[in-house]
Amino acid sequence: MSIVEFRKVTKRFGQLLVLDEVDLAIEEKEVVVLIGPSGSGKSTLLRCINALETINGGDLIVDRISVRESRQKVRLIRQEAGMVFQQFNLFPQMTALENVAFGPHRVRGLSRLEAREQALVMLAKVGLGDRVHHYPSELSGGQQQRVAIARALAVKPKLMLFDEPTSALDPELRHEVLRVMQALAEEGMTMIVVTHEMAFARKVGTRLIFMEGGKIAVDGQPKNLLDNPQNPRLKEFLQHVA
Amino acid sequence: MDFEWSVVVDALPALFKGAQLTVLITLAGLVGGLVVGTVAGLMRAYGGALMNTIAFAYVELIRGTPIVVQVMFIYFALPTLADIRVNPMTAAITAIIVNAGAYIAEIVRGAFLSVHQGLREAGLALGLPTWKVLLYIIGPVAFRRMIPPLGNQFIVSLKDTSLFIVIGVGELTRQGQEIMAANFRAVEVWSAVAIFYLIMTGTLTLILRITEKRMRIL
Ligand SMILES: Nc1ncnc2c1ncn2[C@@H]1O[C@H](COP(=O)(O)OP(=O)(O)OP(=O)(O)O)[C@@H](O)[C@H]1O
Ligand SMILES: [Mg+2]
């Protein structure tokens, strides 16, 4: 059974059709890299998975639960699908440690102490063991994004969604975030990543999906597609991002 | 004319009593006003169409009428209309609750809506229900932004209690009025009354300053 399964999923914003009967199955341990021109529906596809957007047609099953189920069931999906945002979205009133301990305590119901310990482990894992008492405003963009990754991981999700996690970062800060993501992939985490980092797609991705106009235009092996794109639109797109 | 200090000294006990009532009305009124304002503000910000309309109507009704009219209505019109009899003190506190509540509702709504949408999404994405996102994530950020406008409202409400002279509550202004009627020493009495108000509003300002300093404004 696939961990994520789109069945003819349609999503509209008013008149605008953003996802057009998308069919897509993602298996555990896959690292799916999602690319495509601006406005092609990449973020929307990602946000439908954890029901931050509600779908208008078809069905979408995540970890055996449909996003159309009750709010309570949808919360279970969200606990299993961690999300990392382009703008980090850290809680500004909390330190790095409090940000990361928040999920285990408030969502998973761990005691404060257990949550704190788990948070320390997660922060060490993303290389921020020495920054735990800093507030987000006291951290660099790359550090903030790594805290955000730790925050999502601390809830122990089965699946991680990344929406352009390095786009808001200066080029020299990107690699520290990408390294953490690569380590995560190597541990066997299932990941869906919207990114323009083609080197990451080639090295870490197990699957590359090119979206265009709300449809999946190309779906295949990253190396094959990047070295030898058959689809003319993909070819053109790759020339622009390279 | 010369300033007769003995008049002030003689007036002090009565003015203290009045000031106590002023503080009591303000405190009780603002505690209630904060509760009402928070509920109404959240209804405005996150409620469905019906909740939103109810809260909107309340805010507009109160903001569109003077507080003197509101307290007169509570004290004189309610008994006739609904057979609800209240003493002046209850009417005064109720008036502050209802009046401050409407203004606080707008402060609460504005502060919550000013918090970046991404924080709400980050909270929801962790698998929290909306009310917990509001309570643990948005609320604390919004609260810090509310402190300056809330302080302003607290001071306005404190001074508004002087208008309850119209229903005969023995608060500070009323006490001043009564002393004045007996001794006709307007300069001494009203100077003393003004200083009492300044001390109370000054204390409030100081408390708010300290609270603001202690919190990181986000
Ligand atoms: N909340 C919204 N309301 C209305 N339209 C929206 C909303 N969110 C996205 N859209 C529109 O839906 C389309 C797809 O948006 P989406 O964000 O999924 O694109 P994207 O592929 O992620 O683009 P980008 O690379 O610029 O992030 C765009 O035309 C966008 O303007
Ligand atoms: Mg996007």
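This structure is a prediction, so every number in the text was calculated from the model and none was measured. Values below: all heavy atoms of this structure, side chains included; hydrogens, waters and symmetry mates excluded. Chain letters run A, B, ... following the sequence lines, proteins first, then strands; residues in each count from 1.
Judged purely by atom type and a 3.5 angstrom limit, A:Q93 uses its side chain to pair as donor or acceptor with the backbone of B:I137.
Heavy atoms only, all atoms of each residue included: A:R106 and B:K132 are closest at O-NZ, 3.9 Å. Across every non-hydrogen atom of A:R151 and B:A122, the tightest pair is NH2-CB, 3.5 Å. Contact detail for B:A125 and A:M83: the closest heavy-atom pair is CB-CB, 4.1 Å. Closest approach of A:P92 to B:V141, counting heavy atoms only: CG-CG2, 3.9 Å. Taking each heavy atom of B:L128 and A:V107 in turn, the nearest pair found is CD2-CG2, 3.6 Å. For the pair A:F91 and B:L119, the tightest heavy-atom approach, listed with the atom from each and the gap, is CE2-O, 4.0 Å.
Heavy-atom distances place the side chain of A:F85, and not its backbone, under 4.5 Å from chain B. Of the two parts of A:A81, only the backbone, made up of N, CA, C and O, holds a non-hydrogen atom closer than 4.5 Å to a non-hydrogen atom of chain B. For a residue to count as touching a neighbouring chain, one of its non-hydrogen atoms must lie under 4.5 Å from one of that chain's; by this rule A:L161 does not touch chain B. Contact of A:F88 with chain B is not made at all, since no heavy-atom distance falls under 4.5 Å. In this structure, chain B has no heavy atom under 4.5 Å from any part of A:R71.
Heavy atoms of other residues, nucleotides or ligands lying less than 6.0 angstrom from CZ of A:R64 number 12 at most. More than 12 heavy-atom neighbours from other residues, nucleotides or ligands sit within 6.0 angstrom of CD on A:E187. Within 6.0 Å of CZ on B:F143 lie no more than 12 heavy atoms contributed by other residues, nucleotides or ligands. When the shell of 6.0 Å around CZ of B:F16 is examined, it contains 12 or fewer heavy atoms from other residues, nucleotides or ligands. Atom CZ of A:R116 is surrounded by 12 or fewer heavy atoms from other residues, nucleotides or ligands within 6.0 Å. The number of heavy atoms from other shown groups lying within 6.0 Å of CG (B:D83) does not exceed 12. Around CE of B:M89, the count of heavy atoms belonging to other residues, nucleotides or ligands within 6.0 Å exceeds 12.
Looking only at side-chain heavy atoms (C-beta outward), B:L126 and A:Q79 stay at 4.5 Å or farther from each other.
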Apply side chain to side chain contact (heavy atoms under 4.5 Å, CB included) to B:R120 and A:N89, showing your working.
CA-CA 9 Å; B:R120 186 175 137 95; A:N89 296 345; over 6 Å; no
